[in-house]
Every structure is written in structure tokens, then in C-alpha cells.
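Note that the coordinates shown come from a computational prediction; the quantities given were computed from them, not determined experimentally.
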Amino acid sequence: AYFGEIEYTTPLNLSQTPSGWAVEWTPESIHPDMQGGREFKSVIQRPIRGRILDRNDEVLAATVDLRFVGLNRSLVKDTAALKTALVEFGFSQEQVDAAFSSGTGPSQRVRVGAIPADKNEASSVLRAIPGVVLYFESQRVHPLGAAAAHVVGYTSELTAEELAAKRGTGLRAGDREGATGIEASQERVLAGSIGAELRLVEASGEIARVVSSRPFIQGKDVQTTLDAGALRTAYARLGSRAGAAVVVDPSTNGILALNSSPSYDPDAFERNDATALAAITGATNGPLANRATTGLYSAGSTFKLITGAAGLLYGGYRVTDRLECGSIWTGVDPPRRNWEGGQGALTIAEGLMRSCNPVFYEIALTLYNNTDGALSRTARMFGFGATTGLVGLSEEAGLVPDAQQKRAKTGQPWYPGDEVNLGIGQGDLLITPLQLANAYSAFVARELRTPRLLTSEPNTKKGEIPLDDAQWSHLMNGLKLVTSARGTASAAFAFAGYTDFAGKSGTAEDVGTQQHVLFVAMSPAASPGAVAAVVLDEGQSGSIEAGPIARDIVLAALR
């Protein structure tokens with residue numbers, strides 16, 4: 001297990017006995033160098049797995065020594081009384097029954113459960129009961145629990161097949177490695193390497209020869225860009241609602257929080273808690289799915305920022321231009337109703353403020369008539385339709401539809417109606433919450449970058465957002481107006497006393513096919529220090545439902 005295969009040849013001396021030939025066993029029969037009192041000795045160093053830390057050095061994962069209660073069932077004198085004592089101590093009936101019904105030998109130690117820190121002294125009462133064994137064992141713990149489960153991850157015990165594939169590394173039955181999240185992606189850094197040296201030692205104790213050697217490498221800590229406070233707040237504010245939240249610091253593009261709801265207790269996997277694991281894996285609401293990076297959603301009206309940018313960059317629109325926000329838009333057939341009725345002539349910024357569909361229908365139609373796929377290209381410029389390149393988590397690429405994609409899929413041409421649907425973030429457009437947060441961070445910084453989870457990762461630039469100062473300021477002003485007294489999110493921001501915010505909602509405002517709601521919030525408005533994208537799988541209003549959640553997560557990140 002530690003040194004792999006070591007090949008050598010040794011003679012075996014045989015002698016004839018009444019029952020047949022037999023080996024005359026000597027140390028040299030085992031290995032030719034074992035003569036004159038020489039022995040083989042091994043020196044093994046096993047590393048401690050490194051910690052995972054947030055940006056302020058708060059522990060997100062660590063290996064600790066925990067006190068456990070176990071059983072030696074061969075020494076139990078009164079099974080019923082012991083079961084009662086264990087339940088009264090605080091273990092569940094399922095834990096107790098599982099320990100007593102374990103398939104291991106009756107003299108082998110079986111685990112009942114860990115002793116909580118506040119019951120260490122009380123556990124001395126159990127020690128006196130025949131059959132009870134108190135012992136220490138190292139275990140991986142994740143202090144934030146479900147609040148960081150999808151991004152930090154957990155470890156799992158190596159299977160027999162995995163151990164066989166890693167033969168010679170010193171790993172043995174019961175050892176664990178990262179299974180998901182940062183625990184998995186940073187396995188080599190966190191785990192280190194088992195040091196092993198096989199020595200041939202003289203009778204005097206001197207080393208005659210080192211037969212095999214592998215260097216010891218202590219597991220190292222991994223510092224992340226994550227913020228424990230933002231993670232806790234996102235988890236608490238999402239509550240029981242299915243959805244996701246991603247928070248990014250646009251100055252570094254570091255991820256401050258990445259939450260998927262519903263979540264799960266990662267330490268259930270560390271404890272091998274059969275009851276808890278059955279509940280997690282059997283849940284119908286998908287707690288193990290990471291909606292933040294693999295959930296695919298329509299962008300809804302959060303996409304209007306991209307449509308506005310495309311209009312200014314490629315559609316010939318100026319920041320002073322006004323477009324009619326009527327109650328019915330007739331640019332394509334059939335006519336389309338505006339979700340809140342006519343609002344008069346609006347600038348693009350005011351169109352964002354009121355989330356006016358006709359304004360962005362008109363921009364999209366202009367782009368359809370006058371450009372070759374500029375709206376789809378602008379969407380890709382902001383990072384939609386491709387994975388972000390985030391190191392450490394699996395993610396979906398999503399889809400930005402265009403004429404080529406539609407023709408390949410359906411054989412049909414790209415119609416004006418397809419373009420205007422895309423202009424308000426609907427149709428076949430699919431994005432992830434991570435992409436949405438990264439796109440708005442790209443807008444703030446005016447460049448598309450790979451989001452970062454680790455402080456050791458470089459800030460990788462992927463492309464420019466070529467808005468000039470006037471265009472950028474106009475669109476940013478539109479996002480600020482969204483949270484003002486005149487904006488669609490006034491109830492969650494201006495009227496609630498939160499005035500230093502910008503943002504954009506996404507709701508099933510048009511044809512009623514979009515069941516989820518979205519909101520992107522950022523603050524301070526003049527120079528955002530945090531951008532939060534929140535998506536709820538079911539809802540009626542992005543501003544009213546997702547808006548306050550995004551607002552509170554941003555405030556937590558800024559604190």
C-alpha cells in the first residue's frame with residue numbers, strides 16, 4: 001500500500017521430511033538482505049488535511065479530533081438499559097439501533113455517534129457502562145453547514161476500486177478524499193502526500209540502505225474569495241424557497257457567496273449518517289443540485305441591460321433618444337401588450353427604470369433589420385452562452401439563440417419575433433445564476449473576466465465591454481432608477497429606505513410562460529463593491545420577492 005511492488009529474488013532452502021519437502025525458514029528466505037541481524041523498517045508520515053478559509057480567515061472546512069461513543073457488544077451486559085441510556089444522552093434511536101445491529105464482529109468497535117462539545121463532561125457517565133467505548137477520531141467538519149455546502153463541498157471514503165487505483169500512495173481503507181466543491185477541486189493541495197520510507201537497518205540501528213522513499217507533503221490551507229457572512233445571509237434569506245444566489249466583488253471578480261436552495265448538511269457525508277443521507281438522496285426537491293452553476297433559466301428582464309447596450313453600441317441609438325412605451329406594440333405580428341400600459345416616450349435608461357417591453361422590442365427589431373446578429377453577439381460579449389471558466393465547480397454553458405443555431409436545430413429561419421423575444425430575455429435564451437452575476441460584474445468593470453473562487457487564482461480578462469463613458473453612465477443610471485421612487489423595485493429599495501442601490505428585476509411580465517423570478521442588486525451605486533444575482537424557481541415578482549433577498553445579501557457582503 002505504501003511502496004507499491006518491490007521485486008527481488010531470494011533462494012529458498014528445502015529439506016526433506018517424512019511428510020515431504022519443507023522450507024528451512026530464515027530471515028534470508030524472506031529477503032536476501034535480511035542477514036546478520038538486518039531488518040526492514042518503515043517510517044510513515046500522514047498529513048493532516050488543510051483547511052478551507054474564507055477571505056477573512058474564517059474556517060469553512062477543517063479536520064478536527066472529535067470524541068465518539070462506540071460499542072464493544074461482546075461486553076454489553078444489559079442491552080435494553082444501555083440503549084435507553086444512549087438515547088437519554090442524546091443519540092437518536094436510529095443511531096443506537098444501527099450500532100447494535102452492525103454486521104461487524106461483536107468484539108469490534110462500532111460507532112454510535114459523536115459527543116457534542118457541551119456534553120464532554122456528561123459522557124463520563126457512559127464510560128462506566130459495560131460495553132461502552134469512548135474514543136477520539138479525526139473528522140472533516142464544515143462549520144457553515146448547509147450555508148456553504150454547494151461551493152465548499154465534502155469528502156467521501158475511498159472505494160475498494162479507488163484504493164486499488166491508488167496503490168503505492170499509502171492510502172488505506174477508511175481514508176477519504178474530496179468528492180464535491182472546493183474539497184474536490186483542491187484535493188492535491190488540501191490532502192498533501194503521505195511520506196513513506198522503507199529502510200534496511202543494521203543490527204546496530206544504522207541505516208544500511210533506503211529501499212524506497214516518497215516525500216512527505218503536509219496538506220496546505222486554501223484561502224477562498226468567499227465571505228462567510230454573505231454565505232450565511234444568502235442561505236437564511238433563500239430559506240425554504242428553491243433557487244440560487246451568487247455574489248461577486250466586481251473589483252476583483254471574486255465570488256463572495258454562491259448558494260443553491262434547498263441545500264443539505266455536508267457533514268452527513270463525513271459522518272456516513274445513513275438516515276440523514278437517505279433523506280438527502282431521496283428528496284424530490286433536488287438538494288444536491290447546484291442551481292447556481294448548473295440551473296438553466298430564462299433571463300427575463302434582467303437581459304434588458306444587454307439589449308440596451310447592444311442598441312447603443314450597434315443600433316445607432318443615442319443616450320438622448322426616446323422610444324415610445326405604449327400600451328400595445330405593433331412592430332411585429334401579432335401585436336404585443338405592455339405589462340403595465342403606456343408610459344410615454346422614454347430614454348433607454350428610463351426604459352430600464354420601468355422595465356418597458358416596447359422600448360426593448362423596438363431596439364431588438366432595429367438590430368434585426370440593420371445588423372447581422374448584433375444582439376446575440378452582445379449577449380456573448382457579456383459571457384452568456386458559454387461556461388464562465390470558474391475553477392472548482394461544474395457549470396452549464398446555457399444558450400444564446402441566433403439564426404445559425406435555430407436553423408441547425410429546426411431548419412427554420414430567424415424571424416423578427418425571435419429577435420424581439422430575445423430583446424426582453426425570453427425565447428430560447430438560457431442562462432445560469434453564475435453567468436448573470438458575472439455579466440453584471442462585467443458591466444460594472446467594463447470587461448468580461450473569469451470569476452474567481454481562490455485568492456491564488458489570477459484575475460483573467462476574457463474581453464472588453466466597449467461602451468464609452470456616456471453610454472455606460474446612461475445604462476448605470478437606468479439601473480439606479482430601477483431602485484428609485486419611480487422604478488419597478490421602489491418598494492424593496494427607495495420606500496424601504498435603501499437609496500444607495502442599483503439593480504434590475506426579471507419577472508414573467510409578458511406571456512406568462514416564465515415561472516421563475518430574478519433580481520440583480522449592487523451597491524454602493526456610484527462604485528459597486530458587491531453584485532448579487534438571485535433567482536427563485538417559482539414566483540410572481542422579481543422586484544418584490546427576489547429584490548429584498550438580493551439587497552440583504554449585498555449588505556451582508558459589504559459588512
Next on the checklist: Is it the case that the side chains of Ser355 and Lys304 hold a donor-acceptor pair, with the cut-off being a distance below 3.5 Å and no angle test?
Outcome noted: yes
Checklist entry - Does one side chain, of Arg140 or Thr155, offer a donor that lies under 3.5 Å from an acceptor on the other? => result no
Checklist entry - Any idea which heavy atoms bring Ser260 and Ser263 closest together, and the distance? => result O-CB, 3.6 Å
Under 3.5 Å, which donor-acceptor pairs link side chains of residues 547-559 to any protein atom two or more places apart or in another chain?
unit_1 : atom_1 : unit_2 : atom_2 : d
Arg551 : NH1    : Ala492 : O      : 2.7
Asp552 : OD2    : Arg237 : NE     : 2.8
Asp552 : OD2    : Arg237 : NH2    : 3.3

Next on the checklist: Regarding Thr104 and Ser102, do their side chains bring together a donor and an acceptor under 3.5 Å, going by distance alone?
Outcome noted: yes
Checklist entry - Does any donor atom in the side chain of Arg354 or Thr488 lie under 3.5 Å from an acceptor atom in the other side chain? => result no
Checklist entry - Can Arg49 and Glu187 be counted as an ion pair, charged N to O under 4.0 angstrom? => result yes
Next on the checklist: In terms of relative ring orientation, are Phe91 and Phe89 parallel, tilted or perpendicular, with 30° and 60° separating the classes?
Outcome noted: tilted
Item to check | Under the side-chain contact (heavy atoms from CB on, under 4.5 Å) test, residues paired with Leu288 that sit two or more places apart | outcome: Tyr264, Phe269, Ile280, Thr281
Checklist entry - Which residues satisfy the side-chain hydrogen bond (donor to acceptor under 3.5 Å, both in side chains) test with Glu419, sequence neighbours excluded? => result Trp414
Checklist entry - Taking all non-hydrogen atoms of both residues, which atom of Leu467 and which atom of Arg446 are closest, and how far apart? => result O-NH1, 3.5 Å
Item to check | Heavy-atom pair of closest approach, residues Val520 and Ala533 | outcome: CG2-CB, 4.2 Å
Item to check | Distance (rounded to the nearest 0.5 Å) between Ile48 CD1 and Lys220 NZ | outcome: 13.5 Å
Item to check | Ala496 versus Ala491, closest heavy-atom pair with distance | outcome: CB-O, 3.7 Å
Item to check | Pair Arg271-Asp265, salt bridge (charged side-chain N to carboxylate O under 4.0 Å, His left out): steps then yes or no | outcome: CA-CA 10 Å; Arg271 300 189 303 267; Asp265 175 15; 3.4 Å; yes
Checklist entry - Under the salt bridge (charged side-chain N to carboxylate O under 4.0 Å, His left out) test, which residues partner Glu457, sequence neighbours left out? => result none
Next on the checklist: So that I can tick it off, tell me whether Asp537 and Arg291 are bridged by a salt bridge, with the cut-off set at under 4.0 angstrom between side-chain N and carboxylate O.
Outcome noted: yes
Checklist entry - Phe493 and Tyr498: aromatic ring centres closer than 6.0 Å? => result no
Next on the checklist: Test your reading of the model: is there a side-chain donor-acceptor pair from Asp175 to the backbone of Arg172, 3.5 Å cut-off?
Outcome noted: yes
Checklist entry - Quick one: do Arg232 and Glu58 make a salt bridge, cutoff under 4.0 Å? => result yes
Checklist entry - Will you find, in the side chains of Asp57 and Gln223, an N or O donor that is under 3.5 Å from an N or O acceptor? => result yes
Item to check | Distance-minimising heavy-atom pair for Leu231 and Asn259 | outcome: O-ND2, 3.2 Å
Checklist outcome for this item: Taken in chain and number order and not counting sequence neighbours, the residues that satisfy side-chain hydrogen bond (donor to acceptor under 3.5 Å, both in side chains) with Asp65 are Ser138
Checklist outcome for this item: Residues at least two apart in sequence or cross-chain that pass side-chain hydrogen bond (donor to acceptor under 3.5 Å, both in side chains) with His142, listed by chain then number, are Glu183, Asp267
Checklist entry - Using 4.0 Å as the upper bound for N to carboxylate O, is an ion pair formed by Asp273 and Arg111? => result no
Item to check | Flag for Thr388-Glu395: side-chain donor and acceptor within less than 3.5 Å | outcome: yes
Checklist entry - With the threshold set at 4.0 Å, does a side-chain nitrogen-carboxylate oxygen contact exist between Lys461 and Glu447? => result yes
Checklist entry - Rounded to the nearest 0.5 Å, how far apart are CG of Leu60 and CG of Leu53? => result 7.0 Å
Checklist entry - Is it true that Glu538 and Arg241 make a salt bridge, defined as a side-chain N closer than 4.0 Å to a carboxylate O? => result no
Next on the checklist: Regarding Asp402 and Arg380, does a basic nitrogen lie under 4.0 Å from an acidic carboxylate oxygen?
Outcome noted: yes
Item to check | Pair Asn253, Asn438: side-chain N/O donor-acceptor within cut-off below 3.5 Å | outcome: yes
